[in-house]
Q: 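Take a look at the following structure, please.
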There are 2 protein chains.
Amino acid sequence: MEAKSQSHERKTCPAETALKAISGRWKLFIWGELLTGVKRFGELQRSLNGITQKMLTQQLREMEEDGIIHREVYLQIPPKVEYSLTPLGESLKPIIDAMHEFGTQL
Amino acid sequence: MEAKSQSHERKTCPAETALKAISGRWKLFIWGELLTGVKRFGELQRSLNGITQKMLTQQLREMEEDGIIHREVYLQIPPKVEYSLTPLGESLKPIIDAMHEFGTQL
DNA sequence: CGGAATCCTATATGATACTG
DNA sequence: CAGTATCATATAGGATTCCG
C-alpha cells in the first residue's frame with residue numbers, strides 16, 4: 001500500500017512535492033502546535049479542535065514520512081508518544097511565514 | 001454557488017488561505033507558464049500536457065478569483081482570451097522558489 | 001494512551017460531448 | 001477558440017467501533 005505514489009505518470013516538480021507535504025486539512029495546524037515545542041498525541045488532539053484520532057494519526061504519519069516531524073515512542077504502560085519538528089520541519093518557518101503574509105492579502 | 005466556503009466553521013488561517021490558493025492539480029504549472037509571459041488559453045492547454053479544457057478553465061477561474069491571474073477577453077471572432085500573472089501572482093515567486101528548494105530535500 | 005479497522009460522505013479530478 | 005454541461009472515478013476527510 002505504498003511506494004507507488006504517482007500512478008499515471010507526470011513529471012514531479014519539487015515545488016509540488018513540497019506543497020503536498022504541507023497540504024492536508026490539519027498539517028499546518030499540527031506544524032504550528034509543534035513549533036511551540038514537543039507534544040504528546042493527546043495534547044495535539046486537544047489542541048486541534050475537532051480532529052479525530054484517525055486523522056491525527058494519518059496526518060502525523062504522512063508528516064513523519066516526509067521528514068517534517070519526529071515520532072518518539074516510550075515503551076511503557078500506559079503508552080506515551082511524543083511528536084516534535086525535525087530541523088527540516090523547522091526550516092518550513094520562512095515559507096509558512098511568507099504564506100501567512102501572502103494569505104492576508106487574499 | 002459561492003460565498004459560503006467554510007460550511008462547518010473553523011478559524012481560517014491566512015497561511016491556509018494562501019495554501020489553498022496554490023493547491024490544485026495544475027495551478028503551480030499554470031503559474032509557471034504565466035511566469036514566462038502572457039499566454040492564450042490554447043497555448044496553456046498545449047503546454048500543460050494532459051490537462052482537459054474543463055480543468056484548465058476551472059483552475060484559471062479559481063486563480064482569477066484569488067487575484068493571482070488576470071483574464072483579458074478580446075471580443076472578436078474567433079474568440080481570444082489572454083491570461084497573465086497579476087502583481088500579487090508574481091509576488092508568489094519567492095514563496096514558490098522556497099518551496100521548490102525545500103522540495104528538493106524531500 | 002495511542003492507536004488500527006471499517007464504513008461512509010465530500011470534494012477533486014477526469015472523459016466526453018456540445019456550443020456561441 | 002475558448003469555453004459549458006454532464007457523468008464517472010479517484011482521493012481526502014470523517015464517524016464509529018475495537019484493541020494492546
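Residue numbers begin at 1 in each chain, while the letters A, B, ... track the order of the sequences.
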Q: Nearest-Å distance, NZ (B:Lys27) to P (C:dA12)?
A: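 Going from B:Lys27 (NZ) to C:dA12 (P), I get 9 Å.
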Q: Within this structure, what is the CG-to-P distance between B:Leu44 and D:dA2, rounded to whole angstrom?
A: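 Rounding to the nearest Å, CG of B:Leu44 and P of D:dA2 are 9 Å apart.
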Q: Roughly, in whole Å, what's the span from CD in A:Gln45 to P in C:dG3?
A: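 Between P of C:dG3 and CD of A:Gln45: 10 Å.
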Q: So, is B:Trp26 close to the C:dG14 phosphate, meaning a side-chain N or O under 4.0 Å from OP1 or OP2?
A: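 Yes, B:Trp26 has a side-chain N/O under 4.0 Å of OP1/OP2 on C:dG14.
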Q: Would a 4.5 Å heavy-atom cut-off, applied to side chains only, mark B:Leu35 and B:Ile96 as touching?
A: no
Q: Checking contacts here: which listed nucleotide (D:dA5, C:dG3, D:dG3) is nearest the side-chain heavy atoms of B:Lys54?
A: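 Per side-chain heavy atoms of B:Lys54, the pick is D:dA5.
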Q: Considering only side-chain heavy atoms of A:Phe41, which listed nucleotide, D:dA2, C:dG14, C:dG2, is closest?
A: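 Nearest to the side chain of A:Phe41 among the choices is C:dG2.
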Q: Can you name the residues that form a side-chain hydrogen bond (donor to acceptor under 3.5 Å, both in side chains) with A:Lys80, not counting sequence neighbours?
A: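 A:Lys80 satisfies side-chain hydrogen bond (donor to acceptor under 3.5 Å, both in side chains) with no residue once adjacent residues are dropped.
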Q: Whole angstroms only, please: what is the CD1-P distance between A:Ile51 and D:dA15?
A: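 Roughly 11 Å, once rounded to whole Å.
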Q: So, OP1 or OP2 of D:dG3: does either fall under 4.0 Å of a side-chain N or O from B:Tyr83?
A: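 Checking B:Tyr83 against D:dG3: at least one side-chain N or O falls below 4.0 Å of OP1 or OP2.
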Q: Measure CD/A:Glu72 against P/C:dG3 and give the value in whole Å, please.
A: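 About 12 Å, once rounded to whole Å.
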Q: Using whole Å, what does the distance between atom C1' of nucleotide D:dG20 and atom CD of A:Gln76 come to?
A: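 About 15 Å, once rounded to whole Å.
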Q: Please determine if a side-chain N or O atom of B:Arg40 lies less than 4.0 Å away from the OP1 or OP2 oxygen of D:dA2.
A: yes
Q: Among the candidates C:dT13, D:dG20, C:dA4, find the nucleotide nearest to the side-chain atoms of B:Gln59.
A: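 The nucleotide sitting nearest to the side chain is C:dT13.
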Q: Categorize A:Pro78 for me: base, sugar-phosphate, or nothing, with a 4.0 angstrom heavy-atom threshold over every strand shown.
A: sugar-phosphate
Q: May I have the step-by-step check of side-chain contact (heavy atoms from CB on, under 4.5 Å) for B:Gln58 and B:Trp26, ending in yes or no?
A: CA-CA 10 Å; B:Gln58 186 176 303; B:Trp26 304 94; over 6 Å; no
Q: Reading DNA chain C from 5' onward, which residue's closest nucleotide shows up sooner: B:Gln58 or B:Gln53?
A: B:Gln58
Q: 5'-most contact on DNA chain D: A:Pro79 or A:Gly24, nearest heavy atom basis?
A: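 Its nucleotide being nearer the 5' end, the pick is A:Gly24.
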Q: Nearest whole angstrom, please: distance from the C1' of D:dG13 to the CG of A:Leu28.
A: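 That distance rounds to 17 Å.
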Q: Please name all residues satisfying salt bridge (charged side-chain N to carboxylate O under 4.0 Å, His left out) with B:Lys54, sequence neighbours left out, ordered by chain then number.
A: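 Partners of B:Lys54 under the salt bridge (charged side-chain N to carboxylate O under 4.0 Å, His left out) test: none.
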Q: In whole angstrom, give the distance that lies between atom CE of A:Met55 and atom P of C:dT9.
A: 17 Å
Q: Under 4.0 Å from OP1 or OP2 of D:dA12: is there any side-chain N or O of B:Arg25 that close?
A: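 Checking B:Arg25 against D:dA12: no side-chain N or O falls below 4.0 Å of OP1 or OP2.
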Q: With a 4.0 Å cutoff (strictly under), does any side-chain N or O of A:Arg71 reach OP1 or OP2 of C:dG3?
A: yes
Q: Quick check: do A:Leu88 and B:Leu106 have side-chain heavy atoms less than 4.5 Å from each other?
A: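 Side chain of A:Leu88 against side chain of B:Leu106, heavy atoms only: contact under 4.5 Å found.
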